[in-house]
Engineer: 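Okay, here's the structure, questions in a sec.
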There are 2 protein chains.
Amino acid sequence: MGRDATKQAEEPDQVPAPAPAKLAADPASGDIASGNQRPATIYDVAREAGVSHQTVTRVLKDYPSIRPHTRERVLEALERLDYRPNLTARSLTTGRSHRIGALTHELQQFGPSSVAQGAAAQARESGYLLDIVSLDMSDVAEIEQALDLLHQHDLAGVLALSSNDEMTEAFGRARFRVPAYIATEEDEPFSAHPSELTTVGFPALVNHLAELGHREFLHVAGPEAWMAARNRARAYTSALEARGLHSAGTIHGDWSARSGYEAIAGLGRDIPATAIVAANDQTALGVLRALHERGLKVPEDVSVTGVDDIPDAAYFTPPLTTLQVDFETQGRNAVQQLLSLMNHSTAPETTTLPSRLVVRRSTGPAARR
Amino acid sequence: MGRDATKQAEEPDQVPAPAPAKLAADPASGDIASGNQRPATIYDVAREAGVSHQTVTRVLKDYPSIRPHTRERVLEALERLDYRPNLTARSLTTGRSHRIGALTHELQQFGPSSVAQGAAAQARESGYLLDIVSLDMSDVAEIEQALDLLHQHDLAGVLALSSNDEMTEAFGRARFRVPAYIATEEDEPFSAHPSELTTVGFPALVNHLAELGHREFLHVAGPEAWMAARNRARAYTSALEARGLHSAGTIHGDWSARSGYEAIAGLGRDIPATAIVAANDQTALGVLRALHERGLKVPEDVSVTGVDDIPDAAYFTPPLTTLQVDFETQGRNAVQQLLSLMNHSTAPETTTLPSRLVVRRSTGPAARR
DNA sequence: TATCCTAATGTTACCGGCAACATTTGGGGC
DNA sequence: GCCCCAAATGTTGCCGGTAACATTAGGATA
């Protein structure tokens, strides 16, 4: 991989570290006004307000029976000392933390990182922090080791943001002491309802292609061990069947442009389809490249579609027709599901934006063969 | 460290519907074999071994003076009860946690997410967990709110993984109680050493273009508020100057393909350069698209280069000449720097792979104008 | 005004580890 | 065999909250 880097440091009040560069941290030394060295505890507040620490707790939790006068004083003390609860201490007694562990894979990819982004945002809004552990999902042992690590950290729940069979297996084996949830794009049996891609996306995509006259399709899928890949492949197939069309085949790739390229490069002299449906936009990019090198024009000779609608897709050559996927909402939903498990409440009806078909220039009338 | 892994792409999943996917909460049955309901504490272990809890602690920390016989028994008890330290409790007393807060932006972008990935991996290998907070960096108030949240969570340190001026400002204002470190690609004054891009990458890139006969260059940069964008722009300029060449201008974009497209689309009838140096590959993709729509051929009419070497770059039309950037190592280094700050040890000499020039087909001999 | 009862507030214990200090060993020197 | 001291191990207290239980205070009642 490449390289390059830079960095620079910064530093706190008390750390006499050797920091090379310097970033303003604490210009002055004697902080009188704001920062007291150690953060205030409920005991400090109690002393300040002239009450017991328990009363402070009660005020903090809006306990009903507290005399207005007392509450007033406590609130003032809280304000004056700029009290912030120590979440660590709280977790220790309550046994509940406010952190959610999230396992993910290949964070560089647009999908997973978008899901993570959404999950992190939702977690934050719900008062949680998301601990992200990115790992090599092909190694069950590594996944289990990661789960073990998460356990020690006393999390409120564990989330699997992107998942393949290994992850499912590791999750199945793990003996969680906290709620755990696997977010997946797969339909049954993992999800009560079929995914938007299955119900809306692929049918719309196939419809679009069929109306352009295409009758022969080829699918370049993701890795078989991935639930999302299987699901998309299945959605592809069933959408074709629903229209009485037939797939000329499915080639498994690994979501990358390279694998899309190789899938097409590996075909014989003739391409057995007029439309190539890639499982994601990256793969489609590789397909476009391979077709270009074969001297085939898109969409005049072959139509190509992707899934995801990554920002770059609109700038491919040609711009890619694809299915939008709302990753961010997926991430948010996953967190909400987990939170509902944690609260033993019924799972909220999550809604995802429908998987919309975005038609660009990579699809056109089927070529006469 | 860096496993190079050419990646196999991957991709997330979508949680379309509510459907409690799979969850494993403790079946709450009688776990006999492995999992005891509550995890064992040092007190449990002490009882099991017939010693005091403090002796257990000593064994755990390899305290010197412990009779072999005693140690033996404690070790056995630890094993038997499958003891795992409760990190929360430990943090409470020691005042040090094993979590690092990381602020980042636009996690969907390849650069930031790769940095995050590397940082997460390094953190894990060092026994830490990375708490990622992804936020809108343009809002100083939001950054400060996030920092506040992080503070409550009692972290061992705080890291800014991708940074612009707002982030710097917020960091400067924040009164950290723990070490904090800003990872950035910028050279002085933020980094002791100039970045690899400045010393190696851009000179090599400009050299390559100059040898192809290019004399007129255009730079499509990242957003001005981003340190990395400024740094790359500066590296570009100084590399040109070093060869006595001159830049025809710098247009600021926002790292996206769209901004690359608009930068070129917004130019007048003539493009004032034979080589366009984009600040990153995405921007370059947009540039390629815009040139294509103008009927200009790459590299026959104009040469285009990027920076980052994202996996897709090799499949652009045409495949992109670019500078490799080792984001993962950047992330790892940032964590190491932070850890050294935390330990009051001298900052480790971090090494990054040099920024290598990857020549593909988007650059060629300068067109006669 | 004495009595009760509940509202209001205070005290104690505990979560699980760690550290300071206290106490018990055991082996060498005499 | 006795003493002594360092080695080996034990006890106590504390980190900052929360919860259970205890106590006090004040108004209503008699």
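Reckoned from all heavy atoms, side chains included, excluding hydrogens, waters and symmetry mates. Predicted model, so just to flag it, every value in this text is computed and none were measured.
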Engineer: Once you round it to whole Å, what is the distance between P of C/dC18 and CG of B/Asp62?
Structural biologist: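 Distance check: B/Asp62 CG to C/dC18 P gives 13 Å.
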Engineer: Report the distance from atom CG of B/Asn86 to atom P of D/dC15, rounded to the nearest whole Å.
Structural biologist: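 My rounded result for the distance is 18 Å.
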Engineer: Considering only nitrogen or oxygen atoms on both sides, find all protein atoms under 3.5 Å from nucleotides 6-13 of chain D and state each distance.
Structural biologist:
{"from": "D/dA8", "atom 1": "O3'", "to": "B/Arg67", "atom 2": "NE", "distance (Å)": "3.4"}
{"from": "D/dA8", "atom 1": "O3'", "to": "B/Arg67", "atom 2": "NH2", "distance (Å)": "3.0"}
{"from": "D/dT9", "atom 1": "OP1", "to": "B/Thr70", "atom 2": "OG1", "distance (Å)": "2.2"}
{"from": "D/dT9", "atom 1": "OP2", "to": "B/Arg67", "atom 2": "N", "distance (Å)": "3.0"}
{"from": "D/dG10", "atom 1": "OP2", "to": "B/Ser52", "atom 2": "N", "distance (Å)": "2.8"}
{"from": "D/dG10", "atom 1": "OP2", "to": "B/Ser52", "atom 2": "OG", "distance (Å)": "3.0"}
{"from": "D/dG10", "atom 1": "OP2", "to": "B/Thr55", "atom 2": "OG1", "distance (Å)": "2.6"}
{"from": "D/dG10", "atom 1": "N7", "to": "B/Arg58", "atom 2": "NH1", "distance (Å)": "3.3"}
{"from": "D/dG10", "atom 1": "O6", "to": "B/Arg58", "atom 2": "NH2", "distance (Å)": "2.6"}
{"from": "D/dT12", "atom 1": "O4", "to": "B/His53", "atom 2": "NE2", "distance (Å)": "3.2"}

Engineer: From CZ of B/Arg96 over to P of C/dG17, roughly how many Å is that when rounded to an integer?
Structural biologist: 18 Å
Engineer: Identify, with sequence neighbours excluded, every residue that meets side-chain contact (heavy atoms from CB on, under 4.5 Å) alongside B/Ala89.
Structural biologist: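 side-chain contact (heavy atoms from CB on, under 4.5 Å) list for B/Ala89, sorted by chain: A/Leu92, B/Asn86.
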Engineer: Expressed in angstrom and rounded to an integer, what is the separation of A/Ile42 atom CD1 from D/dG16 atom C1'?
Structural biologist: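 Rounded to the whole Å, the gap is 6 Å.
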Engineer: Spell out, as yes or no, whether a donor-acceptor pair under 3.5 Å connects the side chain of A/Thr55 to the backbone of A/Val51.
Structural biologist: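 Absent.
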Engineer: Using a 3.5 Å distance criterion without hydrogens, assess whether the side chain of A/Ser97 forms a donor-acceptor pair with backbone atoms of A/Ala156.
Structural biologist: yes
Engineer: Rounded to whole angstroms, how far apart are CZ on B/Arg47 and P on C/dG17?
Structural biologist: 13 Å
Engineer: Examine C/dG17: is either OP1 or OP2 under 4.0 Å from a nitrogen or oxygen in the side chain of B/Lys61? Give yes or no.
Structural biologist: no
Engineer: Kindly say whether B/Tyr128 contributes a backbone atom to a donor-acceptor pair with the side chain of B/Ser126 at under 3.5 angstrom?
Structural biologist: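 Side chain of B/Ser126 to backbone of B/Tyr128, a donor-acceptor pair under 3.5 Å: no, none is there.
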Engineer: State, to 0.1 Å, how close A/His153 and A/Arg99 come at their nearest heavy-atom pair, and which atoms those are.
Structural biologist: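 Of all heavy-atom pairs spanning A/His153 and A/Arg99, the closest is O-NH1, 3.4 Å.
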Engineer: Under 4.0 angstrom, heavy atoms only, what part of the nucleic acid is A/Thr57 near: base, sugar-phosphate, or nothing?
Structural biologist: base
Engineer: Hey, could you give me each pair passing salt bridge (charged side-chain N to carboxylate O under 4.0 Å, His left out) that has a residue in residues 43-60 of chain B? Not counting sequence neighbours.
Structural biologist: B/Asp44-B/Arg47, B/Glu48-B/Arg80
